[in-house]
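Given the structure is predicted, the values throughout are model-derived calculations rather than measurements. Every chain is numbered from 1, with letters handed out A, B, ... down the list of sequences.
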Number of protein chains: 2
Amino acid sequence: MRADAKKNYDHLLAVARAVVKEQGADASLRDIARRADVGLGTLYRHFPTREALLEALLRTSLDEMTAQAAELETSSAPDDALVTWLREAVAFTRNYHGITALMMAALDDPKSALHASCVTVRAAGTRLLSRAQAAGKARSDVDGTELFALIAALAWLGDQPSLGRHADHLFEIVASAILTNRASNGGRAQRRPRDRS
Amino acid sequence: MRADAKKNYDHLLAVARAVVKEQGADASLRDIARRADVGLGTLYRHFPTREALLEALLRTSLDEMTAQAAELETSSAPDDALVTWLREAVAFTRNYHGITALMMAALDDPKSALHASCVTVRAAGTRLLSRAQAAGKARSDVDGTELFALIAALAWLGDQPSLGRHADHLFEIVASAILTNRASNGGRAQRRPRDRS
DNA sequence: ACCTGAACACCGTTCAAGT
DNA sequence: ACCTGAACACCGTTCAAGT
């Protein structure tokens with residue numbers, strides 16, 4: 001890659017990250033090119049598709065998620081590892097509104113630029129799930145695809161502005177549906193009561 | 001309303017229903033006007049906003065949901081009533097892709113044309129939920145807003161094409177998170193085992 | 001090799017002009 | 001009272017022309 005091209009690429013990516021964090025995954029590509037002081041065609045040259053751009057944006061974070069899963073697998077108890085990772089996954093999406101639908105679609109489309117990263121992340125989650133299942137700590141009838149889907153659903157709920165206050169509680173509810181035999185010892189403070197509105 | 005206006009209104013609504021069922025809640029309004037052989041301004045005159053159009057489309061169905069909740073409240077056991085209604089609510093949204101985000105937003109925006117209907121539906125669900133909670137059949141720390149959110153999340157999952165096969169199972173998982181003491185008698189066939197993929 | 005921006009086909013929304 | 005469609009400001013995507 002020529003030096004000027006590399007410079008454009010990097011700058012474009014930095015601007016795109018800011019714009020996507022601010023406006024979401026369906027931000028205007030024109031606007032990104034404009035803010036980067038770059039011709040619209042240059043953006044398309046470096047990132048022939050919106051998914052290619054997002055893949056470049058998310059690759060690092062997704063790789064981190066995969067690495068963290070591997071780490072949790074050896075450092076934490078099966079149930080703690082799973083729930084911690086789930087929380088992390090949902091939190092990650094809060095930086096990029098509207099990204100979960102794209103990731104769901106990418107999982108099913110091998111031609112998508114996001115496909116490989118998503119498959120890898122799903123596999124990482126599946127390992128944590130299997131481990132928890134083997135320890136009798138997670139429902140045995142859930143598979144990795146469904147785990148991914150539930151994460152995506154929680155992320156989608158997090159995108160709804162009116163649900164800010166409920167996000168944590170909704171996470172607990174769904175997590176409790178996957179996990180079993182959680183906190184059968186101790187536990188009264190586990191589920192805090194909430195004011196009905 | 002003048003006779004010709006009424007005719008336009010009805011025709012527009014019929015065409016819009018078809019187009020929205022086929023293309024989802026973000027279908028092109030221009031396209032709807034075009035297919036209805038009506039000027040674009042006529043559409044805007046009758047439905048000043050996309051939400052106004054959808055409100056007209058959905059009012060009947062949403063009212064039916066409310067009525068059905070009331071009926072279930074007297075005809076079924078608290079837990080059966082709740083789970084049946086939830087299933088119905090999720091099934092309803094399958095006809096109108098991408099509508100759940102709009103309904104979530106409408107709940108929080110009193111100026112939205114969809115606001116009233118959504119509030120009514122939420123209240124209907126809340127009554128079924130409270131009844132199940134009073135009978136000890138539903139988690140006591142869930143409120144109507146969260147119930148609505150979980151329905152919306154399941155509906156969103158149903159919009160993802162790759163999840164068709166998993167939709168029913170995901171419903172069961174989330175439903176089991178809300179319901180408690182389900183099928184403590186009998187029950188081996190309650191949760192069918194699934195082939196891991 | 002890379003960049004640019006006009007061109008094309010769309011979109012939502014408004015509003016002067018018509019009947 | 002109602003309808004129409006041009007006008008405006010956007011969008012994604014492509015591609016001839018430039019350096």
Side-chain angles (χ1 to χ4, degrees), chain A residues 1-57 96-99 101-102 105-106 109 111-114, chain B residues 1-57 96-99 101-102 105-106 109 111-114:
Chain A
M1 182 146 53
R2 243 163 53 176
D4 55 343
K6 163 91 173 140
K7 190 179 148 194
N8 273 337
Y9 180 95
D10 292 341
H11 186 216
L12 223 24
L13 209 52
V15 170
R17 171 160 279 120
V19 174
V20 169
K21 278 195 184 182
E22 160 186 323
Q23 306 192 2
D26 53 352
S28 159
L29 298 180
R30 238 195 186 80
D31 194 31
I32 292 173
R34 220 151 30 204
R35 291 214 215 177
D37 269 313
V38 142
L40 188 46
T42 302
L43 187 151
Y44 273 92
R45 159 174 282 269
H46 288 303
F47 308 103
T49 198
R50 168 174 246 112
E51 282 171 340
L53 176 58
L54 289 171
E55 195 272 339
L57 278 185
Y96 302 97
H97 279 214
I99 218 172
L102 276 163
D109 175 17
K111 301 188 309 299
S112 164
L114 273 167
Chain B
M1 185 145 56
R2 244 164 55 178
D4 55 343
K6 162 94 174 137
K7 189 178 150 196
N8 275 336
Y9 181 95
D10 292 341
H11 186 217
L12 223 23
L13 209 53
V15 170
R17 171 160 279 119
V19 174
V20 168
K21 278 194 182 181
E22 159 185 325
Q23 307 191 3
D26 53 352
S28 159
L29 299 180
R30 236 194 187 83
D31 195 33
I32 292 172
R34 220 150 30 204
R35 291 213 214 176
D37 268 312
V38 141
L40 188 46
T42 303
L43 186 150
Y44 274 91
R45 158 173 283 269
H46 288 303
F47 308 103
T49 198
R50 169 173 245 111
E51 283 172 339
L53 176 58
L54 288 170
E55 195 272 339
L57 278 184
Y96 302 97
H97 279 215
I99 217 171
L102 276 163
D109 175 16
K111 302 188 308 297
S112 163
L114 273 167

Whole-Å distance separating the CG atom of A:L53 from the P atom of D:dG12: 11 Å
Selected nucleotide, minimal atom distance to A:R30 side chain, candidates C:dA7, C:dC2, C:dC11: C:dA7
Which nucleotides of DNA chain D pair, in dot-bracket form (Watson-Crick or G-U under 3.5 Å, | meaning another strand): ||.|||||...|||||.||
Integer-rounded Å distance: D:dG12 C1' and A:D26 CG: 13 Å
Given D:dC2, D:dT13, C:dT4, the nucleotide with the shortest approach to the side chain of A:T42: C:dT4
Touch class at under 4.0 angstrom, heavy-atom based, for A:A27 against every strand present: sugar-phosphate
5'-most by nearest nucleotide on DNA chain D - A:P48 or A:D31: A:D31
Spacing between A:E51 atom CD and D:dG12 atom C1', to the nearest angstrom: 14 Å
Donor-acceptor pair (no angle test) under 3.5 Å: A:R50 side chain, D:dG12 base: no
A:Y44 OH to A:T49 OG1 distance, which is reported to the nearest 0.5 Å: 8.0 Å
Nearest-Å distance for atom pair CD1/C1', residues A:I32 and D:dT13: 15 Å
Distance test, side-chain N/O of A:R34 to OP1/OP2 of D:dC11, below 4.0 Å: yes
side-chain N/O A:N8 vs C:dC3 OP1/OP2, d < 4.0 Å: yes
Carboxylate-amine/guanidinium contact B:E51 B:K111, below 4.0 Å: no
Nearest heavy atoms of A:L12 and A:A33, plus distance in Å: CD1-CA, 4.5 Å
Residue B:R45, side-chain atoms from C-beta onward, closest of C:dA7, C:dC2, D:dC2: D:dC2
Nucleotide C:dC3, atom P - distance to OH of A:Y9 in whole Å: 13 Å
Sugar-phosphate only, base, or nothing, as touched by B:A3 at under 4.0 Å among non-hydrogen atoms: nothing
B:D4 vs B:K7, salt bridge (charged side-chain N to carboxylate O under 4.0 Å, His left out): CA-CA, chis, key distance, verdict: CA-CA 5 Å; B:D4 55 343; B:K7 189 178 150 196; over 6 Å; no
Nearest-angstrom distance from the residue atom CG of B:L43 to P of C:dC11: 13 Å
N or O in side chain of B:H46 less than 4.0 angstrom from D:dC3 OP1/OP2: yes
Nearest-nucleotide pick for B:A5, side chain only, options being C:dC2, C:dG5, D:dC3: D:dC3
Sugar-phosphate only, base, or nothing, as touched by B:L29 at under 4.0 Å among non-hydrogen atoms: sugar-phosphate
Closest approach of B:L29 to B:L43 (non-hydrogen atoms, all atoms of both residues): O-CD1, 3.5 Å
B:R2 vs B:G41, nearer the 5' end of DNA chain C by closest nucleotide: B:G41
Residue B:Y44, side-chain heavy atoms: nucleotide from D:dC2, C:dT14, D:dC11 that is nearest: C:dT14
For A:A25 against A:G98, the heavy-atom pair lying closest together: CB-O, 3.7 Å
Short N-O contact, A:R50 and A:E55, less than 4.0 angstrom: no
Heavy-atom side-chain contact between A:V20 and A:L53 under 4.5 Å: no
Gap between atoms CG and C1', on A:L40 and C:dC2 respectively (whole Å): 15 Å
Interatomic distance, B:F47 CZ vs D:dC3 P [rounded to whole Å]: 11 Å
Nearest-nucleotide comparison on DNA chain C, the residue closer to the 5′ end among A:V38 and B:S28: A:V38
